[in-house]
Amino acid sequence: MRNMTHGIGFAGLPVIQFVPTSADEPGRAADPLPAAGHALRVSTEFDGPAFADVFTEFTEAVETAEVAALVLGYWGASYDNDAADPVKLLVEAADRFPNLRSLFIGDIEGEEQEISWIEHGDLTPLFAAYPELTRLEVRGASGLRLDPVAHNALRELRMESGGLPGAVVRGLAASDLPALEHLDLWLGTGNYGGDATVADLAPILGGERFPALRHLGLEDSEIADEIAAAVAGAGVVARLESLSLALGALTDDGAEALLAGQPLTHLKKLDLHHHYLSEEMMARVRAALPGVEVDLDEREEPYVFDDGEVARFIAVSE
């Protein structure tokens, strides 16, 4: 199991943490932050000040019109008295962020909250509130909802989870995102709500949606073999520059399907790291794609229980 950690950069910019007025220094003003040239991070901590109060103080202390990249960290949970809905706060403050282009909701590391415990609400209103947003990353999927949306500017969407609900995938797959070039979905496991199926992915794989798509990541999936078989004949693949089925439970069966399907030699990169391929299959994949950068790092071994049951674990679940 991988431990999620805070990034030091986002959207090509260094991240600076907003430090609100300290509870033991009520007269101290919040530290000024240079919005230009930085991604600003706003968060609280367990038993810390209410996130809504921290966010309000942030909007008052920072030249929000200069904020191009924003990172939201820990905002509480349902067992906290002061839990917040970050999307609701962002939508209400949209007029304060006219130049926001890159947004990361959920920069929360494992010691603060496991990825499967990160609680969300409805993501849908965010798209109308920020029509110029070009990059959106979301970590965690508990309670996450997404209806079909239309957005002309979004170029990169990344959703990290230990279990992405099928309803979210279906909402995304029915969305109109003509500028989307880069899509990463961590599909996860059914044990943590990841019930998306290959059928849910069909509009994305068929190529009918997202005409500008150049990178597709269908990652961290316990049904990686099924996805590989679907990708092998998917219409979208011909226009991709990179493809990732990394972090999941891919076996020789899935890799065999990929090799038997449409040519992948046009790809610049094929990312399969964290997999369950045999050494022989790894050699076959490399030999079949001599001009492609193929990532086959992190070869895993299945776990065999005392009763003989065999399990293959994805990289990120709880």
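Note that the coordinates shown come from a computational prediction; the quantities given were computed from them, not determined experimentally. Computed from heavy atoms alone, side chains included, the values below leave out hydrogens, waters and symmetry copies. Each residue takes its place number in the sequence, starting with 1.
- Looking at Leu164, Ile314, Val316 one by one, the single match for side-chain contact (heavy atoms from CB on, under 4.5 Å) with Thr189 turns out to be Ile314.
- Asp53 and Thr56 share no donor-acceptor pair across their side chains, judged by distance under 3.5 Å alone.
- Under a 4.0 Å N-O distance rule, the pair Glu160/Arg158 qualifies as a salt bridge.
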Would you sort out whether Ile105 and Leu103 count as a side chain to side chain contact (heavy atoms under 4.5 Å, CB included), showing the intermediate values?
CA-CA 6 Å; Ile105 304 175; Leu103 176 62; 3.9 Å; yes

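- Heavy atoms only, all atoms of each residue included: Phe51 and Gly73 are closest at CE1-O, 4.5 Å.
- Counted by atom type alone, Asp184 and His215 present one or more donor-acceptor pairs between their side chains at under 3.5 Å.
- Hydrophobic clustering (side-chain heavy atoms under 4.5 Å, transitive across Ile, Leu, Val, Met, Phe, Trp, Tyr) groups Leu72 together with Val91.
- Annotation for Val236 and Leu213: closest pair CG2-CD2, 4.1 Å, computed over non-hydrogen atoms.
- In this structure, Leu267 is a member of the same hydrophobic cluster as Leu258, with clusters built from ILVMFWY side-chain heavy atoms closer than 4.5 Å.
- The aromatic rings of Phe313 and Tyr303 are tilted relative to each other, their planes meeting at an angle between 30° and 60°.
- In this structure, the side chain of Glu112 engages the main chain of Glu109 through a donor-acceptor pair within 3.5 Å.
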Hey, mind stepping through Glu293 and Lys268 against side chain to side chain contact (heavy atoms under 4.5 Å, CB included) and telling me if it holds?
CA-CA 6 Å; Glu293 179 187 350; Lys268 294 181 180 178; over 6 Å; no

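- Checked for salt-bridge contact, Arg135 and Glu137 meet the test: a charged N lies under 4.0 Å from a carboxylate O.
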Check against side chain to side chain contact (heavy atoms under 4.5 Å, CB included), Val304 and Val310
CA-CA 5 Å; Val304 181; Val310 177; 4.2 Å; yes

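- The two atoms that bring Ser142 and Ser116 nearest to each other are CB-O, 3.7 Å, heavy atoms only.
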Hey, mind stepping through Phe55 and Leu90 against side chain to side chain contact (heavy atoms under 4.5 Å, CB included) and telling me if it holds?
CA-CA 9 Å; Phe55 186 77; Leu90 286 166; 4.1 Å; yes

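- Val198 and Ala230 make their closest contact through CG1-CB, 3.5 Å (heavy atoms, listed as atom of the first residue, atom of the second, distance).
- Relative ring orientation between His151 and Phe127 is described as perpendicular, the plane-to-plane angle rising above 60° on a 0-90° scale split at 30° and 60°.
- Residue Ala84 comes nearest to Leu89 through the heavy atom pair CB-CD1, 4.1 Å, listed as atom of the first residue, atom of the second, then distance.
- Leu259 and Leu245 fall within the same hydrophobic cluster, defined by Ile, Leu, Val, Met, Phe, Trp and Tyr side-chain heavy atoms under 4.5 Å apart, directly or through other members.
- Linking ILVMFWY side-chain heavy atoms closer than 4.5 Å, directly or via other members, places Leu133 and Met159 in a single hydrophobic cluster.
- Ion pairing between a basic and an acidic side chain is recognised when a charged N comes within 4.0 Å of a carboxylate O; Arg299 and Glu301 show such pairing.
- Salt bridge annotation for Arg284-Glu280: absent, with no cationic side-chain nitrogen under 4.0 angstrom from a carboxylate oxygen.
- Distance check, rounded to the nearest 0.5 Å: CG of Asp47 to CD of Glu45 gives 8.5 Å.
- A continuous path of Ile, Leu, Val, Met, Phe, Trp and Tyr side chains, each step under 4.5 Å between heavy atoms, connects Leu250 with Ile227, placing both in one hydrophobic cluster.
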